[in-house]
Enquirer: 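Below is a structure I'd like to ask you about.
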Amino acid sequence: MVTDVFDPAPAAALLAQAWQEGRQLSEIPEDIRPRNLTEGYALQDAFIKTYADRTGDRGAGWKLGVGSAAAMQAAGTDRPLVGRVLAGHRYDDGATVRVLCQAPITVEFEIAFVLGRDISPGAAPADPMQAVASTHIAFELVLSRFINRRAVGWPSFVGDSVGFEASILGPQIDAAAIQRGVASVAVEANGQAMGGGLSGDDGIEPVQMLRYLFEHACYHGLTLRAGDVVTTGAVAQPFDIAPGKTTLGARFLGRTLTAQVVPAQD
């Protein structure tokens with residue numbers, strides 16, 4: 001019997017293989033491609049499970065993207081996109097991040113939260129910060145399994161875990177001072193200034209992003225775990241770095257965050 005039910009397994013295997021091999025795809029073949037965000041999230045679940053089964057990796061948290069008012073309006077969505085953070089791609093301040101796929105990487109300076117307790121579906125506190133153990137500055141590296149992540153459509157991009165490549169967790173900060181810090185954040189690549197904080201419709205509110213994650217987890221029946229890292233989206237102007245060696249740095253509220261990105265072969 002012919003069925004129109006979406007099977008994420010073939011596309012998940014394709015994405016997992018691409019990540020393992022450090023290569024990019026032009027698109028997912030039409031006959032196995034997700035057609036909407038619901039199917040995109042089903043693909044994401046299958047992709048991350050397939051990759052973790054093959055590599056021994058495991059979940060370590062969550063990432064949000066396309067979260068500003070301007071980005072959501074342009075995307076035609078009313079909430080951010082949610083992806084996964086994996087332990088094997090989660091680093092600490094000062095780390096050297098080795099990247100297999102030699103393609104341009106988008107760097108985002110973000111605010112990250114570490115959850116202090118498990119949150120089962122429907123059990124999130126009204127004040128999201130009541131579930132937070134600590135607040136940090138962070139870098140996220142976005143490197144999609146697609147050559148042009150914007151051209152493949154949002155369902156495929158969601159299936160690709162919203163382009164997650166790596167997350168670098170920096171020093172702890174005072175959550176109450178986030179907005180003051182955004183106004184003065186400085187981000188550098190190889191010593192060159194790369195733009196300041198985002199505001200207005202281009203900015204995000206990190207605590208609201210955390211609330212969106214809680215709603216997403218409730219809707220999809222997901223339990224968030226104590227210790228999960230949640231990166232909430234760019235609070236400074238994102239920028240691209242070319243393949244090769246790049247030293248990243250950021251200053252925020254007197255705290256510094258550094259990382260080095262190098263080819264996996266180095």
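Side chains included, hydrogens not; waters and symmetry mates left out as well; all remaining heavy atoms used.
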Enquirer: Can Val97 and Gln260 be said to form a side-chain contact (heavy atoms from CB on, under 4.5 Å), step by step?
Expert: CA-CA 6 Å; Val97 181; Gln260 191 170 84; over 6 Å; no
Enquirer: With sequence neighbours excluded, tell me which residues meet side chain to side chain contact (heavy atoms under 4.5 Å, CB included) with Glu205.
Expert: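 Here the qualifying residues are Gln179, Val207, Gln208.
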Enquirer: Restricting to pairs with a member in residues 93-102, which pass salt bridge (Lys or Arg N to Asp or Glu O under 4.0 Å), not counting sequence neighbours?
Expert: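 Residue pairs with at least one partner in residues 93-102: there are none.
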Enquirer: Can you pull out every salt bridge (Lys or Arg N to Asp or Glu O under 4.0 Å) where at least one residue sits in residues 109-138? Sequence neighbours excluded, please.
Expert: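 Matches after skipping sequence neighbours: Asp118-Arg225.
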Enquirer: Any pair with a residue in residues 163-186 that passes salt bridge (Lys or Arg N to Asp or Glu O under 4.0 Å), sequence neighbours left out, goes on the list, sorted by first then second residue, please.
Expert: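 Sorted result for residues 163-186: Arg145-Glu165.
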Enquirer: Is it the case that one hydrophobic cluster holds both Val262 and Phe239, taking links as side-chain heavy atoms less than 4.5 Å apart, direct or via other members?
Expert: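 No: no chain of side-chain contacts under 4.5 Å links Val262 to Phe239.
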Enquirer: Hey, does the side chain of His136 reach the backbone of Gly170 with a donor-acceptor pair shorter than 3.5 angstrom?
Expert: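 Yes, His136 side chain to Gly170 backbone: donor-acceptor pair under 3.5 Å.
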Enquirer: How long is the span from the CD atom in Glu140 to the CZ atom in Arg90, to the nearest 0.5 Å?
Expert: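 Here the interatomic distance stands at 13.0 Å.
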Enquirer: Do side-chain atoms of Thr135 reach the backbone of Phe113 as a donor and acceptor pair under 3.5 angstrom?
Expert: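 Not confirmed, Thr135 side chain does not pair with Phe113 backbone.
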Enquirer: Would Leu141 and Val261 count as a side-chain contact (heavy atoms from CB on, under 4.5 Å) if you check the C-alpha gap in whole Å, the side-chain angles of each, and the deciding distance to 0.1 Å?
Expert: CA-CA 9 Å; Leu141 306 183; Val261 182; 3.9 Å; yes
Enquirer: Is it possible for you to say whether Leu37 and Val82 belong to one hydrophobic cluster, with membership spreading through side-chain heavy-atom contacts below 4.5 Å?
Expert: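 Same hydrophobic cluster.
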Enquirer: Between Met129 and Leu115, is there shared hydrophobic-cluster membership here, with clusters defined by ILVMFWY side-chain heavy atoms closer than 4.5 Å?
Expert: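 In one cluster: yes.
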Enquirer: Could you verify whether a donor N or O on one side chain and an acceptor N or O on the other, from Arg149 and Ser156, lie under 3.5 Å apart?
Expert: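 Side chains of Arg149 and Ser156: no pair found under 3.5 Å.
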Enquirer: How far apart are the C-alpha atoms of Thr258 and Thr247, what are their side-chain angles, what is the distance that settles it, and do they pass the side-chain contact (heavy atoms from CB on, under 4.5 Å) test?
Expert: CA-CA 7 Å; Thr258 63; Thr247 299; 5.8 Å; no
Enquirer: State whether a side-chain donor-acceptor pair under 3.5 Å links Asp240 with Thr106.
Expert: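 A donor-acceptor contact under 3.5 Å links the two side chains.
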Enquirer: Tell me whether Lys63 contacts the main-chain N or O of Gly233 through its side chain, where contact means a donor paired with an acceptor under 3.5 Å.
Expert: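 The answer is no, because no donor-acceptor pair under 3.5 Å joins these two groups.
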Enquirer: Taking salt bridge (charged side-chain N to carboxylate O under 4.0 Å, His left out) as the test, write out the residues that go with Arg251, two or more places apart.
Expert: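 Applying salt bridge (charged side-chain N to carboxylate O under 4.0 Å, His left out) to Arg251 gives Glu188.
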Enquirer: Among Leu210, Leu213, Leu81, Ile204, exactly one meets side chain to side chain contact (heavy atoms under 4.5 Å, CB included) together with Leu64. Which residue is that?
Expert: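 For Leu64, the side chain to side chain contact (heavy atoms under 4.5 Å, CB included) check succeeds only for Leu213.
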Enquirer: Could you check whether atom CD of Gln192 has more than 12 heavy atoms from other residues, nucleotides or ligands sitting under 6.0 Å from it?
Expert: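 No.
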Enquirer: Donor-acceptor check, side chain of Asp160 to backbone of Ser144, threshold 3.5 angstrom: yes or no?
Expert: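 No, the answer is negative, given that no donor and acceptor are paired below the 3.5 Å cut-off.
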Enquirer: For side-chain contact (heavy atoms from CB on, under 4.5 Å), just list the numbers for Tyr212 and Asp78, CA-CA rounded to whole Å, side-chain angles, deciding distance to a tenth of an Å, and then say yes or no.
Expert: CA-CA 10 Å; Tyr212 278 128; Asp78 61 357; over 6 Å; no
Enquirer: What about Met209 and Leu169, same hydrophobic cluster or not, with Ile/Leu/Val/Met/Phe/Trp/Tyr joined at side-chain heavy-atom distances under 4.5 Å?
Expert: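 Looking at the clustering, Leu169 is in a separate group from Met209.
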Enquirer: Between Ala42 and Pro8, which heavy-atom pair has the shortest distance, and what is it?
Expert: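 Result for this residue pair: O-CB, 3.8 Å.
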Enquirer: State plainly whether the residues Asp53 and Lys49 are in salt-bridge range, i.e. N to O under 4.0 Å.
Expert: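 Yes, Asp53 and Lys49 are salt-bridged.
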Enquirer: When you compare the side chains of Gln17 and Arg54, does any donor N or O come within less than 3.5 Å of an acceptor on the partner?
Expert: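 Their side chains do contain a donor-acceptor pair, which is all the 3.5 Å distance test asks for.
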Enquirer: Just verifying a value: how many Å separate Glu27 CD and Gln24 CD, rounded to the nearest 0.5 Å?
Expert: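 Nearest 0.5 Å value for the CD-CD distance: 14.0 Å.
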Enquirer: Test question: given the 4.5 Å side-chain rule for I, L, V, M, F, W and Y, name all other residues clustered with Leu25, or answer none.
Expert: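 Noted: Leu25 shares its cluster with Phe6, Leu14, Leu15, Trp19, Ile28, Ile32, Leu43, Phe47, Ile48, Tyr51, Val85, Leu86, Phe146, Val152, Phe164.
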Enquirer: Give, for atom OG1 of Thr232 and atom CH2 of Trp62, the distance between the pair rounded to the nearest 0.5 Å.
Expert: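 Going from OG1 on Thr232 over to CH2 on Trp62, the span is 15.5 Å.
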Enquirer: Quick one: closest heavy-atom pair of Val185 and Ala236, and the distance?
Expert: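 Residues Val185 and Ala236, closest heavy atoms: CG1-CB, 4.1 Å.
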Enquirer: How about Glu30: does its CD atom have over 12 heavy atoms from other parts shown lying under 6.0 Å from it?
Expert: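 No.
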Enquirer: How close do Tyr91 and Ala166 get, heavy atom to heavy atom, and via which atoms?
Expert: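 So the minimum-distance heavy-atom pair works out to CE1-CB, 3.9 Å.
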Enquirer: Grouping I, L, V, M, F, W and Y whenever their side-chain heavy atoms are under 4.5 Å apart, do Trp154 and Met72 come out in a common cluster?
Expert: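 Both belong to a single hydrophobic cluster.
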Enquirer: Could you tell me if the ring centre of Tyr41 sits under 6.0 Å from that of His216?
Expert: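 Centroid separation for Tyr41 and His216: below 6.0 Å.
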Enquirer: What do the steps show when you test Phe252 against Phe109 for ring-ring contact (aromatic ring centres under 6.0 Å, His included), and what is the final call?
Expert: CA-CA 10 Å; Phe252 186 97; Phe109 177 79; 5.7 Å; yes
Enquirer: Indicate yes or no for a side-chain donor-acceptor contact from Ser161 to the backbone of Gly163 under 3.5 Å, with no hydrogens or angles considered.
Expert: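 Not confirmed, Ser161 side chain does not pair with Gly163 backbone.
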Enquirer: Would you say Ser68's side chain and Ala71's backbone share a donor-acceptor pair under 3.5 angstrom?
Expert: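 Judged by distance alone, yes, a pair lies under 3.5 Å.
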